[in-house]
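Sequential numbering from 1 along the given sequence is applied to the chain's residues.
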Amino acid sequence: AASDVYKRQIGTKTTGRKSPAIDSALHPHLIARFREDIAALWPEGEKLALAVSGGPDSLALLLLAHGARPGMIEAATVDHGLRSEAADEAEMVAHICAELGVPHQILRVDVAAGNMQSMAREARYGALTKWMKQREIGILATAHHADDQAETLLMRLNRASGLSGLVGVRKRGKVPASPGKQAPPLIRPLLGWRKAELIALVTDAGLAPAQDPSNSDDAFDRARIRKALAQADWVDSEAIAQSAAHLADADEALEWAANREWDECVHLGSDQISYTPAAPRAVRLKVLARAIGQLGSEPRGGGVAKLLDALEAGQGGNIGGVMVAI
């Protein structure tokens, strides 16, 4: 079992003492680098919640955050109950946190029927948000890194996503939540780190991270993209991730322009919104999406683009439960 692997490498279950093997594993320059990464994301004096699955990425986040600000973090591991190994992996994380003196909780959830990855993600973030509220912690960190960002950008390029989709994940955002529910801040301090660096960091600490078989299952788009990237030695994942950051800057500029377009060209009625466009198409898409979101449900970018095509051709349409006419 995963927890047995941990016990053999680090020791038996502890009473909260710190493990010299773990604490001394991180080189000071790694901790200093992480401190720089989180300086603008994680306010001094505020506790941070960590989502730690037991994989190499999240274990690296745990070790770095503990090294940078000991005593200021708490961790949780979500057990979706979808794999027999998940319970042992959660216990492994609990043992590691006990060695470090980091408070930890295992959150067991039920995943609703439907798209498994989507439903698991919804259940995971719902459980983490509830746990954070109970622990009175206001900010969550996840272990998304540069390789994740590159995979996300290529997946979305392959689906003809617009600019908002191509920005990938941002360093700071909100925990995904159901419409109408308050969402705490979410930070991703490892977006400038490569997966190989994180694996080496965890290995040097003497830890054997969990391995999720879905990460190499060709049934999932991300797994196929990951394998393709691994075989293309000419692809620079870090450069792709930097391009996603540049696209995020561009998207912020468009958002600024869309807010101005909204103020100058949109009229709000009691049960309808009128819009007389004056800006280029990319800005019109954002304004149209915002209007539909205010009257109905948040629309997908591809659907908004098709609707704008119809409007520009003199036709109307229905999207997100909203009737749109020219």
Side-chain angles (χ1 to χ4, degrees), residues 53 55-58 82 111 114-122 124-125 142-174 176 186 188 190-199 211-255 258 280-286 288-290 292-293 297-310 312 317 319-320:
S53 66
D57 313 333
S58 62
L82 298 174
V111 178
N115 182 308
M116 185 182 72
Q117 286 196 325
S118 176
M119 293 297 101
R121 180 175 181 269
E122 182 177 326
R124 176 168 65 255
Y125 281 116
T142 59
H144 294 89
H145 49 74
D147 294 80
D148 287 329
Q149 186 76 299
E151 292 163 10
T152 299
L153 178 57
L154 291 176
M155 285 171 57
R156 293 180 178 176
L157 278 171
N158 207 37
R159 297 171 184 168
S161 294
L163 180 59
S164 295
L166 296 179
V167 303
V169 294
R170 301 175 190 254
K171 287 188 175 181
R172 188 176 183 92
K174 292 284 188 180
L186 170 67
R188 302 176 179 94
L190 297 181
L191 285 181
W193 296 64
R194 297 297 305 275
K195 185 176 184 68
E197 294 180 292
L198 303 177
I199 292 174
Q211 302 296 333
D212 186 344
S214 68
N215 289 333
S216 57
D217 187 344
D218 285 346
F220 301 110
D221 290 347
R222 185 175 293 276
R224 295 197 298 272
I225 290 286
R226 182 174 296 131
K227 289 180 180 179
L229 282 173
Q231 295 167 3
D233 57 5
W234 53 271
V235 173
D236 187 338
S237 294
E238 189 171 1
I240 294 175
Q242 289 173 353
S243 291
H246 298 326
L247 289 169
D249 291 339
D251 193 51
E252 286 184 10
L254 281 179
E255 192 66 38
R281 178 181 173 87
V283 176
R284 296 201 301 271
L285 283 168
K286 283 188 172 290
L288 185 57
R290 178 175 171 183
I292 294 165
S297 60
E298 290 294 331
R300 289 185 176 273
V304 177
K306 290 179 180 178
L307 176 61
L308 184 56
D309 289 340
E312 291 174 344
I319 184 173

(message) Suppose we screen for side-chain contact (heavy atoms from CB on, under 4.5 Å). Which residues come up paired with Arg156, at least two apart in sequence or across chains?
(response) Thr152, Ser161, Leu166
(message) Going by salt bridge (Lys or Arg N to Asp or Glu O under 4.0 Å), name the residues that satisfy it together with Arg170, two or more places apart in sequence or in a different chain.
(response) Asp251, Glu252
(message) Please check this pair: side chain of Ser237 against backbone of Asp147, looking for a donor-acceptor N/O pair closer than 3.5 Å.
(response) no
(request) Given side-chain contact (heavy atoms from CB on, under 4.5 Å), test Leu190 with Leu198 step by step and report yes or no. (result) CA-CA 9 Å; Leu190 297 181; Leu198 303 177; 4.0 Å; yes
(request) Indicate the atoms forming the closest heavy-atom contact of Pro176 with Arg121, along with that distance. (result) CG-NH2, 3.4 Å
(message) Contact between Leu154 and Leu229 at the side-chain level, heavy atoms closer than 4.5 Å - yes or no?
(response) yes
(request) Please identify each residue that fulfils side-chain contact (heavy atoms from CB on, under 4.5 Å) with Arg224, with sequence neighbours left out. (result) Asp218, Asp221
(request) Hey, could you give me the CD/CZ distance between Glu151 and Arg222, rounded to the nearest 0.5 Å? (result) 5.5 Å
(message) According to salt bridge (Lys or Arg N to Asp or Glu O under 4.0 Å), who are the partners of Lys195, at least two apart in sequence or on a separate chain?
(response) Asp57
(request) Flag the pair Asp148 / Arg226 as yes when at least one side-chain heavy-atom distance between them is below 4.5 Å, and no otherwise. (result) yes
(request) Hey, could you give me the CG/CD distance between Leu163 and Glu255, rounded to the nearest 0.5 Å? (result) 10.5 Å
(request) Measure the CG-CG distance between Leu285 and Leu308 for me, rounded to the nearest 0.5 Å. (result) 5.0 Å
(message) Among residues at least two apart in sequence or on other chains, which ones pass salt bridge (Lys or Arg N to Asp or Glu O under 4.0 Å) with Glu197?
(response) Arg33
(message) Which heavy atom of Glu238 sits nearest to which heavy atom of Gly192, and what is that distance?
(response) OE2-O, 4.5 Å
(request) Indicate the atoms forming the closest heavy-atom contact of Ala146 with Arg194, along with that distance. (result) CB-CD, 3.9 Å
(request) Apply side-chain contact (heavy atoms from CB on, under 4.5 Å) to Arg290 and Lys286, showing your working. (result) CA-CA 6 Å; Arg290 178 175 171 183; Lys286 283 188 172 290; over 6 Å; no
(message) Checking Leu247 against Leu153 for the side-chain contact (heavy atoms from CB on, under 4.5 Å) test, could you report, in this order, the C-alpha distance in whole Å, the side-chain angles of both residues, the deciding distance, and whether it holds?
(response) CA-CA 10 Å; Leu247 289 169; Leu153 178 57; 4.1 Å; yes
(request) Only counting residues at least two apart or in another chain, list the ones meeting salt bridge (Lys or Arg N to Asp or Glu O under 4.0 Å) with Glu312. (result) Arg281, Arg284
